[in-house]
There are 2 protein chains.
Amino acid sequence: MKDKYDCLKLDNQLCFPLYACSKGIVSAYKPYLDKIGLTYTQYIAMMVLWEDEEISFKQMCGRLLLDSGTLTPVVKVLESKGLLTRNRSKEDERTLTVTITDKGRALKDEALGIPAKMAQCSKLDPADAAELYRILRKMMENL
Amino acid sequence: MKDKYDCLKLDNQLCFPLYACSKGIVSAYKPYLDKIGLTYTQYIAMMVLWEDEEISFKQMCGRLLLDSGTLTPVVKVLESKGLLTRNRSKEDERTLTVTITDKGRALKDEALGIPAKMAQCSKLDPADAAELYRILRKMMENL
DNA sequence: TACAATTAGACTGTACACAATTAAATTGCG
DNA sequence: CGCAATTTAATTGTGTACAGTCTAATTGTA
């Protein structure tokens with residue numbers, strides 16, 4: 001019944017459900033994020049600024065685990081929406097400082113209901129959610 | 001210590017580690033997939049054909065949870081690499097039948113070592129890996 | 001102090017990923 | 001039978017995502 005190719009079956013992969021769930025969750029966010037006019041990537045970028053209102057672009061890349069090629073256009077779009085400003089640092093002209101605006105800060109309150117809505121939609125019981133969180137955190141450290 | 005905005009912190013999200021691990025695993029595959037000349041998306045598409053050597057395009061989309069806009073170019077690239085053929089069904093001209101070639105079948109043996117290499121790289125103990133798999137599967141059904 | 005090495009962002013090219021639309025083929029119903 | 005509704009891929013447009021490259025600014029060192 002078992003053959004040497006079993007390890008190549010989609011159903012036996014750990015990576016595929018991970019990849020599918022990641023896309024699934026991001027798309028589940030869409031209706032809620034549409035209401036506040038953000039994409040998922042823009043949302044997590046704003047999340048960084050909701051926590052630290054001023055941060056260097058480089059640090060932002062590190063927190064989000066995104067490279068400059070991805071984050072540069074995202075931050076420019078957020079700037080064009082008036083949610084943040086981009087300025088070169090006085091001490092080091094290479095460094096780009098990203099700062100939240102009043103409008104960006106105001107959006108925080110609009111986003112407040114989203115995490116609860118998302119928790120419902122995954123339909124995981126709290127124990128599974130906690131386990132998942134624990135294992136994914138461990139995995140992140142190894143990658 | 002706790003404020004109402006805690007739920008909007010990146011560290012308190014379940015989605016973000018999921019999204020980060022998904023990207024992390026896919027990028028961990030890269031060196032191994034480079035050796036056989038496939039991207040991750042191309043790899044999972046070939047996985048479907050390694051299991052079912054002939055399948056309709058529509059079914060393939062369903063198995064991979066990808067829509068036609070994503071999979072059409074992927075399958076065309078795999079065709080150009082000579083790993084599969086694309087043919088319209090005789091019974092229903094709308095249906096595209098995707099069939100593995102000898103070259104595609106041969107690639108299966110080259111890919112055989114990859115899953116084991118990936119299991120090492122995630123560095124999860126078997127118990128955690130099994131738990132993760134179980135929870136992600138449950139989540140997939142709910143999404 | 002010159003100048004090599006490093007660092008920070010931006011840019012280019014390739015590859016997804018999905019929503020929305022389109023076109024062709026087929027089906028179903030009056 | 002005739003035509004509206006449905007189905008299947010393909011296409012278009014927007015938005016990531018990352019490798020590789022480039023430029024400008026800064027740092028380290030002889």
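The chains referred to below are lettered A, B, ... by the order of the sequence lines, with proteins before strands, and numbering in each begins at 1. Scope of the values below: all heavy atoms of this structure, side chains included, with no hydrogens, waters or symmetry mates.
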Exercise for review: Using a 4.0 Å heavy-atom cut-off across all strands, classify A/Leu71 as base, sugar-phosphate, or nothing.
Suggested key: nothing

Check your understanding: Touch check for A/Thr70, heavy atoms < 4.0 angstrom, all strands: base, sugar-phosphate only, or nothing?
Key -> base

Check your understanding: Shortest non-hydrogen contact from A/Gln13 to B/Tyr29?
Key -> OE1-OH, 3.4 Å

To the nearest Å, how far apart are [X] [atom1] and [N] [atom2]?
X	N	atom1	atom2	value
B/Leu33	D/dA19	CG	C1'	15 Å
B/Lys90	C/dA25	NZ	P	15 Å
B/Leu66	D/dA10	CG	P	14 Å
B/Asn87	D/dA9	CG	C1'	14 Å
A/Asp34	C/dC18	CG	P	15 Å
A/Tyr40	C/dC16	OH	C1'	18 Å
A/Gln59	C/dA8	CD	C1'	12 Å
B/Ile55	D/dA9	CD1	C1'	15 Å

If you compare every side-chain N and O of [X] against the phosphate oxygens of [N] (OP1, OP2), does one of them come in below 4.0 Å?
X	N	result
B/Arg88	D/dA10	yes
A/Tyr19	C/dC16	no
B/Ser56	D/dT8	no
B/Thr41	C/dA17	yes
A/Lys76	C/dC11	yes
B/Lys23	D/dA17	no
B/Arg86	D/dA10	yes
B/Gln42	C/dC16	yes

Which nucleotide, [options], lies nearest any side-chain atom of [X]?
X	options	answer
A/Glu93	C/dA25, D/dA10, D/dT26	D/dT26
A/Asp67	D/dC18, D/dT26, D/dA9	D/dC18
B/Val74	C/dC16, C/dA10, D/dT8	C/dC16
B/Arg94	C/dA15, D/dT16, D/dT6	D/dT6
A/Thr72	C/dG9, C/dA19, D/dT16	C/dG9
B/Leu96	D/dA9, C/dC16, C/dG9	D/dA9

Exercise for review: Between A/Glu91 and A/Val77, just flag the one whose closest nucleotide in DNA chain D comes earlier from the 5' side.
Suggested key: A/Val77

Check your understanding: On DNA chain D, nearest-nucleotide positions of A/Ser68 versus A/Thr39: which is more 5'?
Key -> A/Thr39

Practice item. Give the C-alpha distance, both sets of side-chain angles, the deciding distance and a yes or no for side-chain contact (heavy atoms from CB on, under 4.5 Å) between B/Lys23 and A/Leu143. Key: CA-CA 10 Å; B/Lys23 286 188 304 167; A/Leu143 291 174; over 6 Å; no

Practice item. Please round to the nearest 0.5 Å and tell me the distance separating atom CG of A/Leu71 and atom OG1 of A/Thr41. Key: 9.0 Å

Check your understanding: Hey, is NZ on B/Lys58 packed in by over 12 heavy atoms from elsewhere, all under 6.0 Å?
Key -> no

Study note, to complete from the structure: Sorted by position of nearest nucleotide on DNA chain C, 5' first, the leading residue of A/Gly24 and A/Thr95 is A/Thr95

Point to revise | A/Asp67 side-chain N/O to A/Thr70 backbone N/O, donor-acceptor pair under 3.5 Å | key: yes

**Study point:** Short side-chain to backbone donor-acceptor contact, B/Asp125 and B/Asp128, under 3.5 Å
**Key:** yes

**Study point:** Under-4.0 Å salt bridge between B/Arg137 and A/Asp11
**Key:** yes

